[in-house]
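In this text the structure is predicted, and so the values were computed from the model without any measurement.
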Amino acid sequence: QYEMSSAALQRAIVLATAHINTGVAFLLWGPVALGAVGVAYYLSHRITLDLRELTASALRLAEGRFGEKVVVRSRDEVGQLAGAFNTMSVALADRDSMILKQQGELLDRARLEQELSIAGEVQKRLLPQFSPKLTTLDCAGVCKPAYGVSGDYYDFLPLGPGRIGL
């Protein structure tokens with residue numbers, strides 16, 4: 001036979017009640033806590049998803065792929081950042097397009113200047129390199145084109161002793 005004092009019995013009842021209350025609290029609050037953890041995970045994953053997409057777009061910009069847009073899913077700070085990012089991406093695409101056009105124009109101009117320079121050298125070689133010596137006339141010729149190349153041409157043509165054609 002086992003006998004308990006009333007104080008020991010009260011202590012056992014308090015411990016059993018506390019143990020039961022802990023189990024009931026866990027059964028009631030456990031799903032709530034688990035749901036809160038799930039919601040926190042979802043929200044953090046959602047926020048970091050937008051940030052990961054912004055990071056990937058920034059890397060594409062660094063590679064020179066301008067004009068690509070990020071999907072704006074929210075109106076919070078991350079959404080505002082995505083909107084600003086899209087504006088910047090379009091502006092960079094426009095600037096890149098303008099730079100490529102200007103580079104093409106500069107290359108065309110350099111090619112034209114090179115061709116004009118060659119044409120000017122050919123024209124200089126076609127003109128007489130020295131003036132003829134005549135006893136009755138001093139003659140000389142010079143050609144100075146206004147734009148590097150012109151249609152002007154002259155030559156000294158020998159027509160016989162003491163005679164030249166111009």
Kindly say whether [Y] contributes a backbone atom to a donor-acceptor pair with the side chain of [X] at under 3.5 angstrom?
{"X": "Q102", "Y": "S97", "answer": "no"}
{"X": "S57", "Y": "V70", "answer": "no"}
{"X": "S89", "Y": "E68", "answer": "yes"}
{"X": "S117", "Y": "E113", "answer": "no"}

Revision key, fill the gap. Looking only at heavy atoms, the pair that brings D155 and P128 closest together is OD1-CG, 3.5 Å

Exercise for review: Indicate whether the side chain of T55 and that of R52 have a donor and an acceptor atom separated by less than 3.5 Å.
Suggested key: no

Can you tell me how far the [atom1] atom of [X] sits from the [atom2] atom of [Y], to the nearest 0.5 Å?
{"X": "L100", "Y": "D96", "atom1": "CG", "atom2": "CG", "value": "4.5 Å"}
{"X": "Y154", "Y": "L166", "atom1": "OH", "atom2": "CG", "value": "9.0 Å"}
{"X": "D50", "Y": "D76", "atom1": "CG", "atom2": "CG", "value": "7.5 Å"}
{"X": "L59", "Y": "R65", "atom1": "CG", "atom2": "CZ", "value": "9.5 Å"}
{"X": "E105", "Y": "Q103", "atom1": "CD", "atom2": "CD", "value": "11.0 Å"}

**Study point:** E115, R109, Q114 screened by side-chain contact (heavy atoms from CB on, under 4.5 Å) with R111, the one that passes
**Key:**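 Testing R111 for a side-chain contact (heavy atoms from CB on, under 4.5 Å) against E115, R109, Q114 leaves exactly one candidate, E115.
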
Indicate if [X] and [Y] have the same hydrophobic cluster label, given that clusters are the connected sets of ILVMFWY residues with side-chain heavy-atom separations under 4.5 angstrom.
{"X": "Y153", "Y": "V122", "value": "yes"}
{"X": "L81", "Y": "L43", "value": "no"}
{"X": "V78", "Y": "L49", "value": "no"}
{"X": "L126", "Y": "I164", "value": "yes"}

Between side-chain atoms of residues 129-143 and protein atoms elsewhere (two or more places apart, or another chain), which donor-acceptor pairs fall under 3.5 Å?
unit_1: Q129; atom_1: NE2; unit_2: K124; atom_2: O; d: 3.1
unit_1: Q129; atom_1: NE2; unit_2: L127; atom_2: O; d: 2.9
unit_1: S131; atom_1: OG; unit_2: C139; atom_2: O; d: 3.4

Review point. What is the ring orientation for H45 with Y41, classed by angle as parallel under 30°, tilted 30 to 60°, or perpendicular over 60°?
Key: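 Parallel, since the angle between the ring planes stays under 30°.
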
Exercise for review: Starting from the C-alpha separation in whole Å, work towards a yes-or-no answer on side-chain contact (heavy atoms from CB on, under 4.5 Å) for D152 and K144.
Suggested key: CA-CA 9 Å; D152 297 336; K144 293 203 178 224; over 6 Å; no

Practice item. Take F85 and L61, measure what side-chain contact (heavy atoms from CB on, under 4.5 Å) needs, and give me the verdict at the end. Key: CA-CA 10 Å; F85 191 88; L61 271 179; 3.5 Å; yes

